[in-house]
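Take a look at the structure set out below.
Order of the sequence lines sets the chain letters (A, B, ...), proteins ahead of strands, with each chain counted from 1. Keep in mind that what you see is a predicted model, and the values were worked out from it rather than measured.
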Amino acid sequence: MSGRKRKQSWESEDQTKPHDKDRSDGVHVKSGMVKSHYFLDYHQRLGEQFFNQPCISLAKALLGKVLVRLRADGVELRGRVVETEAYLGGEDRASHSAGGKRTERNTAMFMTPGTIYVYPIYGIYLCMNVSSQGEGAAVLLRALEPLQGLPLMRELRAARRKEGARTLKDKELCNGPSKLCQALDIQRCFDRRDLSSDPEVWLETEPQRGPQEADLHAVVSAPRVGIDSHGEWATKPLRFYLRGHHCVSVLDKQAERLAPSPENTSFFDSSSVDGRSTELN
DNA sequence: ATCGGGATTGCCT
DNA sequence: GGCAATCCCGATG
């Protein structure tokens with residue numbers, strides 16, 4: 001698998017170790033300074049070549065990649081992408097760019113692949129997308145597995161909740177498109193920024209130690225969430241998630257009953273090997 | 001100037 | 001599982 005290679009041709013030398021100087025002090029977490037193991041590995045920032053692929057392809061390729069947010073206070077927040085949705089533009093009636101419609105809001109969808117598209121939803125929330133190859137096409141990030149900076153994530157998420165509400169479990173920190181924006185402090189002003197060059201937010205491959213997390217899960221393809229009113233486009237399987245992963249926002253049991261296509265299947269049956277099979281039923 | 005819908009979440013039953 | 005919250009955006013007149 002090419003994903004195992006130490007170095008990818010699309011990654012230029014100056015992009016592979018972003019903010020190296022910030023790493024040693026990027027994990028001040030209250031007391032007990034604990035360096036997470038993520039600092040011990042060589043991270044590879046994804047560059048423009050990675051993002052320059054068709055929308056559905058990018059939506060699948062993003063699974064297992066790590067979203068990183070470096071805050072002004074030096075804290076780094078990390079989460080592994082476990083669920084995405086493709087919005088194709090053009091014929092895709094559910095896309096903000098349906099029919100090639102270009103507005104002030106969705107301009108980022110038409111920009112260079114790797115451009116962040118952040119939009120407000122229901123007045124109070126945000127969603128984060130990544131533009132892909134294809135006119136007006138973009139991938140919505142729907143869920144992450146929290147990896148680093150969980151205390152701050154919990155703090156950021158709690159700010160919007162009732163005082164005294166129960167503490168959120170780890171898996172509840174980023175299991176929704178707007179939840180992950182809150183937990184990683186993704187702001188509206190991140191709209192139109194470039195993931196391959198921005199100093200405050202980027203994507204990485206996982207540390208290369210054994211099989212990648214994404215390799216241990218089959219990919220489930222399911223209809224997208226919350227777009228019931230868009231005719232045939234509501235049913236197309238343009239949502240993708242890591243089967244059996246406990247951080248996915250909404251499981252689709254019907255979709256999971258379908259045999260995964262060979263290209264999406266690892267050499268393991270995830271439900272029997274990943275120790276999380278309780279999530280399946 | 002006004003109106004209607006929305007790629008969601010959290011809380012309540 | 002239902003439903004209110006809450007307001008931006010884009011379309012329309």
Side-chain angles (χ1 to χ4, degrees), chain A residues 55-56 58-60 62-63 67 79 81-111 115-132 134 136-144 146 153-192 220-241 247-255:
Chain A
C55 192
I56 291 174
L58 180 63
K60 294 177 183 174
L62 283 169
L63 296 175
L67 179 63
V81 179
V82 300
E83 180 183 356
T84 60
E85 282 178 0
Y87 287 87
L88 308 181
E91 297 296 296
D92 181 0
R93 308 316 300 172
S95 173
H96 288 173
S97 53
K101 183 183 60 176
R102 189 171 178 163
T103 65
E104 179 65 24
R105 176 178 65 158
N106 71 12
T107 294
M109 299 182 87
F110 294 86
M111 293 172 65
T115 301
I116 300 172
Y117 171 41
V118 177
Y119 69 90
I121 187 167
Y122 299 113
I124 45 186
Y125 300 114
L126 299 175
C127 291
M128 172 177 172
N129 305 250
V130 181
S131 75
S132 69
V139 177
L140 171 70
L141 302 185
R142 281 198 58 90
L144 309 176
M153 290 184 188
R154 192 166 277 112
E155 206 172 292
L156 289 164
R157 290 271 285 113
R160 297 280 206 136
R161 296 162 54 83
K162 272 188 180 176
E163 195 170 353
R166 72 179 173 79
T167 303
L168 292 170
K169 296 172 186 169
D170 290 357
K171 71 173 184 180
E172 296 174 317
L173 293 172
C174 305
N175 64 338
S178 298
K179 293 175 182 178
L180 71 87
C181 287
Q182 285 179 20
L184 271 71
D185 197 19
I186 302 298
Q187 303 164 18
R188 181 74 203 282
C189 63
F190 284 30
D191 186 51
R192 305 184 193 179
V220 176
S221 303
R224 294 170 291 184
V225 173
I227 55 162
D228 299 328
S229 59
H230 292 87
E232 62 171 311
W233 284 92
T235 59
K236 291 187 182 294
L238 294 175
R239 181 164 73 103
F240 306 99
Y241 66 84
C247 294
V248 170
S249 68
V250 184
L251 300 183
D252 188 320
K253 291 173 183 173
Q254 182 178 336

| said: Considering every strand and a 4.0 Å limit on heavy-atom distances, what is the contact class for Arg160(A): base, sugar-phosphate, or nothing? | reply: nothing
| message | Would Arg192(A) and Glu104(A) count as a salt bridge (Lys or Arg N to Asp or Glu O under 4.0 Å) here? Give the steps. | response | CA-CA 11 Å; Arg192(A) 305 184 193 179; Glu104(A) 179 65 24; 3.0 Å; yes
| message | If you compare all heavy atoms of Arg157(A) against all heavy atoms of Leu173(A), which two are closest, and at what distance to 0.1 Å? | response | NE-O, 2.9 Å
| note | Scoring nucleotides 8-13 of chain C by protein non-hydrogen atoms under 4.0 Å (B base, S sugar-phosphate only, - none) yields SSSS--
| Ile227(A) side chain: which of dA7(B), dT9(B), dT8(B) is closest? | dA7(B)
| query | Can you list the stems that DNA chain C is part of, where a stem is at least 3 pairs in a row, each Watson-Crick or G-U, with both distances below 3.5 Å? | reply | B:1-6 with C:7-12, B:8-12 with C:1-5
| remark: Scanning both residues in full, the closest heavy-atom pair of Ser97(A) with Gly136(A) reads OG-O, 2.5 Å
| request: Go through the steps for Lys60(A) and Thr84(A) under the test side chain to side chain contact (heavy atoms under 4.5 Å, CB included), then give the verdict. | output: CA-CA 7 Å; Lys60(A) 294 177 183 174; Thr84(A) 60; over 6 Å; no
| field | Whole-Å gap separating P (dG10(B)) and OH (Tyr122(A)) | value | 14 Å
| said: Do Asn175(A) and Lys171(A) pair up side chain to side chain, a donor and an acceptor below 3.5 Å, judged on atom types alone? | reply: no
| said: Expressed as a whole number of angstroms, how long is the span from Lys179(A):NZ to dA7(B):P? | reply: 18 Å
| task | Identify the heavy atoms of Phe240(A) and Ala59(A) that sit nearest to each other, and give their distance. | result | CD1-CB, 3.7 Å
| task | Specify the closest pair of heavy atoms between Arg93(A) and Gly99(A), including all atoms of both residues, with the distance to one decimal. | result | NH1-N, 4.1 Å
| Which is true for Met109(A) with a 4.0 Å heavy-atom rule: it touches a base, it touches only sugar-phosphate, or it touches nothing? | base
| Can a donor-acceptor pair under 3.5 Å be found between the side-chain atoms of Tyr119(A) and the base atoms of dA7(B)? | yes
| What is the distance, rounded to the nearest whole Å, between atom CD of Glu172(A) and atom P of dT9(B)? | 12 Å
| said: I need the CD1-C1' distance between Ile124(A) and dG6(B), as an integer number of Å. | reply: 12 Å
| query | How close or far is atom C1' of dG10(B) from atom CG of Asn175(A), stated in whole angstroms? | reply | 12 Å
| said: I need the CG-P distance between Leu156(A) and dT9(B), as an integer number of Å. | reply: 16 Å
| message | Using OP1 and OP2 only, check whether a side-chain N or O of Arg166(A) sits under 4.0 Å from dG10(B). | response | no
| field | Short side-chain N/O contact to dT8(B) OP1/OP2 from Arg142(A), under 4.0 Å | value | yes
| Asn129(A)/Leu141(A) under side chain to side chain contact (heavy atoms under 4.5 Å, CB included): CA gap, chis, key distance, verdict | CA-CA 6 Å; Asn129(A) 305 250; Leu141(A) 302 185; over 6 Å; no
| query | Heavy atoms under 4.0 Å, any strand shown: does Leu140(A) hit a base, just sugar-phosphate, or nothing? | reply | base
| note | Between Arg105(A) and Tyr117(A), the two heavy atoms sitting closest are O-CE1, 3.1 Å
| Lys/Arg-Asp/Glu bridge criterion (N-O < 4.0 Å) met for Glu172(A), Arg166(A) | yes
| request: Give me the residues of residues 83-98 of chain A where at least one heavy atom lies under 4.0 Å from an atom of DNA chain B, by number, or none. | output: Tyr87(A), Ala94(A), His96(A)
| task | Between dT9(B), dT6(C), dG10(B), spot the one nearest the side chain of Pro177(A), thanks. | result | dT9(B)
| When you look at CD of Gln187(A), are more than 12 heavy atoms from neighbouring residues, nucleotides or ligands closer to it than 6.0 Å? | yes
| request: Check the pair Leu67(A), Leu62(A) against side chain to side chain contact (heavy atoms under 4.5 Å, CB included), reporting the backbone distance first and the verdict last. | output: CA-CA 9 Å; Leu67(A) 179 63; Leu62(A) 283 169; over 6 Å; no
